[in-house]
Chemist: 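Let me begin by handing over the structure; questions about it come next.
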Amino acid sequence: WRLNDRLTLNLGVRYELTKPFIDENDAITGIDLSKQSSKYPNAPKGLVYPGDPGVPRGIIPTDKNNFAPRISLVWDPRGNARTSVRTGFGIFYDALAGQGDFFQSGVLSPPFTPLVELNTPANITLQDPLGPGTPSANPFPANLTIIGWGTDFQTPYAYHYNLGVQHQITNRIGAEVAYVASRSYHLPIFMEINPGTYVPGQTVAGPRVLAPYYALLRPTFSEARSWYDSLQTSIRMLPTRGINFMAAYTWSHAIDHVSGLNIGGESRPVLPVVQGDKASVDAALKAEKGDALFDVRHRFVLSFGYELPRLASKSGLVQGVLGGWQVNGIYQAQTGFPFTVVDSVVTIQYLTNRANVTCDPNDGPKNTTQWFNTSCFQRRPVAQTGPDKPSNQGRNGVRGPGFQRTDLSLFKNFDFAGHHRVQVRVEAFNLWNQARFGQPVSNPGASNFGAITAAEDGRVMQFGIKYSF
């Protein structure tokens, strides 16, 4: 609605009905420790299946109240159509996690595809890979590994909102400054409900709480959250005498409890939880809150293009040599991504083992041999990893290397015989051959702890010819 000559209001609403994934043969499982399956009475308590009382085909119920309102305002404060203030708010629902939940609920689903954990002191050989730990014909063998839907999964959603000012500096150049943010709720996260038993003074790992039925047991909880705040600025020029450009700088901060399910190298929570106990879930989430794996604090991008005149009034030779050239380029620079120093040896409860930190590890030499200050970390022996001796290292507190990169392309168009064109192009990616390193080794038990061991490809150049008619 155009409220007046200088103020416009937009309202909208979207409804989304996201149905849970189902399996054609109902060969998926859910995790509810308060229930015993009636469809498969021999299953250990806690495994439920489509067809059990109160369990739908997709394990979790269909969420039917996903209404997503949207509102935005545009205001011309001076009434001269050169400056505008824009703001907007909307609710956005996410799709249900398929890769992390439905996929694993199907491949880790006894009696269809049971997966067991083997812990045996005997030698394991190629001739007898299972050794004395060979499971019996029991469709529900001991030490099952189960990952699947929990008891109360809800559709993830986010609040997105922004406030920005746009100003037309000249007839061809404009600038924008905006605050852009989001808050997300009910994000999926795997949380362990079957840790190893522990009593104060224990020095070695004991049996799991739900042994011998289960080994790793991780329902998907819809309890994680994320927070994103950013200042986004840009200035751009529309094509003017063959030249155009855009420069953009973003300062941002992304915080969350988890950045992905089984992707991106995200480690599992350091604390176990009790299904149905909100206090234990809140405590575990508190230990996971930190910078997101994709958090980039500073990012700058400059793109430009220049097209030489076609010189239509000149001779064919001059046009062929000097006319129709086009140059395009992109320069980008950003700070590094965060990560956590995690020991490859799990805790006494079979959970993620973060090393203790004694100083600021980001105050390091920043070279390929040692990117961060590795002396800031102290490994924790298994006997010192009980819940009464938590690590003091938060999640994703160490920063990896940033990067700079320049891509450049050079085009030349040859027009002939009316609407025929041949374009010759040369493109250079990472023109200056600047290194973009991978993350350093984050295992404190590794001999190359802190070292950079990988990098993206260096300069790549390619030549092409395109004919259009």
Side-chain angles (χ1 to χ4, degrees), residues 18 20-21 28-35 44-49 52 54-56 58-63 65-66 93-109 144-158 183-196 208-210 214-227 255-290 292-293 340 347 349-352 387 390 395-396:
T18 302
F21 298 98
I28 54 177
T29 58
I31 304 171
D32 185 348
L33 293 181
S34 67
K35 294 182 179 179
K45 186 177 181 180
L47 290 185
V48 294
Y49 300 83
D52 277 329
V55 180
I59 302 298
I60 57 175
T62 301
D63 194 348
N65 63 344
N66 295 339
Y93 287 90
D94 197 3
L96 295 178
Q99 188 276 342
D101 294 283
F102 175 71
F103 169 74
Q104 296 203 80
S105 180
V107 299
L108 305 177
S109 181
L144 287 168
T145 291
I146 304 292
I147 298 175
W149 299 113
T151 56
D152 183 26
F153 192 86
Q154 302 179 58
T155 304
Y157 68 91
R183 299 291 185 268
S184 300
Y185 303 83
H186 297 314
L187 301 180
I189 181 173
F190 296 139
M191 307 185 86
E192 181 62 63
I193 62 173
N194 188 31
R208 289 183 180 265
V209 173
L210 300 177
Y214 299 107
L216 182 151
L217 186 58
R218 291 176 181 162
T220 304
F221 290 78
S222 56
E223 296 285 352
R225 289 193 57 191
S226 72
W227 301 259
I255 301 173
D256 60 19
H257 292 126
V258 62
S259 298
L261 293 177
N262 280 1
I263 56 176
E266 183 76 271
S267 57
R268 299 292 175 251
V270 296
L271 294 177
V273 301
V274 176
Q275 202 170 29
D277 179 16
K278 186 173 179 2
S280 67
V281 172
D282 290 344
L285 291 177
K286 182 179 180 181
E288 299 307 309
K289 186 176 180 180
L293 282 177
T340 310
T347 71
Q349 289 190 294
Y350 309 105
L351 300 169
T352 297
R395 174 173 161 266
N396 291 341

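We number each residue from 1, following the sequence as shown. Note that the coordinates shown come from a computational prediction; the quantities given were computed from them, not determined experimentally. Reckoned from all heavy atoms, side chains included, excluding hydrogens, waters and symmetry mates.
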Chemist: Residues in ring-ring contact (aromatic ring centres under 6.0 Å, His included) with Tyr49, at least two apart?
Modeler: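 Partners of Tyr49 by the ring-ring contact (aromatic ring centres under 6.0 Å, His included) criterion, ordered by chain and then number, come out as Tyr40.
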Chemist: Out of curiosity, Tyr214 OH to Ile146 CD1, how far, rounded to the nearest 0.5 Å?
Modeler: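 Between atom OH of Tyr214 and atom CD1 of Ile146 there are 6.5 Å.
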Chemist: If you round to the nearest 0.5 Å, how far is CD1 of Ile189 from CD of Glu223?
Modeler: 9.5 Å
Chemist: Minimum heavy-atom separation for Asn396 to Ala292, with atom names?
Modeler: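 Smallest heavy-atom distance, with atoms named: ND2-C, 4.0 Å.
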Chemist: Nearest heavy-atom pair of Ser222 and Phe153: which atoms, and what distance?
Modeler: OG-CA, 3.5 Å
Chemist: Quick check: closest heavy atoms across Gln275 and Pro219, and the distance to 0.1 Å?
Modeler: NE2-CG, 4.1 Å
Chemist: Mind checking what makes side chain to side chain contact (heavy atoms under 4.5 Å, CB included) contact with Gln349, not counting sequence neighbours?
Modeler: Pro195, Tyr198, Pro272, Thr347, Leu351, Pro387
Chemist: Using the side chain to side chain donor-acceptor pair (under 3.5 Å) criterion, which residues pair with Asp282? Sequence neighbours excluded.
Modeler: Lys278
Chemist: What's the spacing between Ile31 CD1 and Ile147 CD1 if we round to 0.5 Å?
Modeler: 8.0 Å
Chemist: Taking Val273's backbone N and O only, do any of them form a donor-acceptor pair with Glu192's side chain (distance below 3.5 Å, no angle check)?
Modeler: no
Chemist: Going by salt bridge (charged side-chain N to carboxylate O under 4.0 Å, His left out), name the residues that satisfy it together with Lys35, two or more places apart in sequence or in a different chain.
Modeler: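 Partners of Lys35 by the salt bridge (charged side-chain N to carboxylate O under 4.0 Å, His left out) criterion, ordered by chain and then number, come out as Asp32.
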Chemist: Only counting residues at least two apart or in another chain, list the ones meeting side chain to side chain donor-acceptor pair (under 3.5 Å) with Asp52.
Modeler: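 If we apply the side chain to side chain donor-acceptor pair (under 3.5 Å) test to Asp52, skipping adjacent residues, the hits are Ser37, Ser38.
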Chemist: Quick check: closest heavy atoms across Pro56 and Pro61, and the distance to 0.1 Å?
Modeler: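 What the structure gives for the nearest pair is CG-N, 3.9 Å.
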Chemist: Which residue in the set Asn65, Asp94, Asp63 passes side chain to side chain donor-acceptor pair (under 3.5 Å) when paired with Thr155?
Modeler: Asp63
Chemist: Holding to side chain to side chain contact (heavy atoms under 4.5 Å, CB included), I want the full list of residues that pass it with Asp277, two or more places apart in sequence or in another chain.
Modeler: Val274, Ala279, Ser280
Chemist: Going by the rule side chain to side chain donor-acceptor pair (under 3.5 Å), which residues pair with Arg395 if we only count those two or more places apart in sequence or in a different chain?
Modeler: Asp256, Ser259, Glu266
Chemist: Under the 3.5 angstrom rule, does the side chain of Ser184 hit a backbone N or O of Ala158 as a donor-acceptor pair?
Modeler: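 No, because the side chain of Ser184 does not come within donor-acceptor range (under 3.5 Å) of the backbone of Ala158.
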Chemist: So how far is it from Phe221 CZ to Ile193 CD1, rounded to the nearest 0.5 Å?
Modeler: 6.0 Å
Chemist: With the side chain counted from C-beta on, respond yes when Leu33 and Lys45 share a heavy-atom pair under 4.5 Å apart, and no when they do not.
Modeler: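 The answer is no, as the side chains (C-beta and beyond) never meet within the 4.5 Å cut-off.
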Chemist: If I take atom OG1 from residue Thr29 and atom CG from residue Leu144, how far apart are they, to the nearest 0.5 angstrom?
Modeler: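 The distance works out to 9.5 Å.
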Chemist: Which label fits His257 and Trp227: parallel for a plane angle under 30°, tilted from 30 to 60°, or perpendicular past 60°?
Modeler: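 Geometry flag for Trp227 against His257: perpendicular rings.
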Chemist: For the residue pair Leu285 and Met191, what are the closest heavy atoms and their distance?
Modeler: CD2-CE, 4.2 Å
Chemist: Under the rule for side chain to side chain donor-acceptor pair (under 3.5 Å), what residues qualify as partners of Thr151, not counting sequence neighbours?
Modeler: none
Chemist: Can you tell me how far the CG atom of Leu293 sits from the OG1 atom of Thr340, to the nearest 0.5 Å?
Modeler: 7.0 Å
Chemist: Name all residues meeting the side chain to side chain contact (heavy atoms under 4.5 Å, CB included) criterion together with Pro20; count only those two or more places apart in sequence or in a different chain, and write none if there are none.
Modeler: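 Residues passing side chain to side chain contact (heavy atoms under 4.5 Å, CB included) with Pro20: Ile60, Thr62, Leu96.
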Chemist: Does any N or O in the side chain of Arg208 come within less than 3.5 Å of the main-chain N or O of Asn194, such that one atom is a donor and the other an acceptor?
Modeler: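 Yes; judged by distance alone, with no hydrogens or angles, the pair exists.
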Chemist: Nearest heavy-atom pair of Ala224 and Val258: which atoms, and what distance?
Modeler: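 Reported closest heavy-atom pair: CB-CG1, 3.8 Å.
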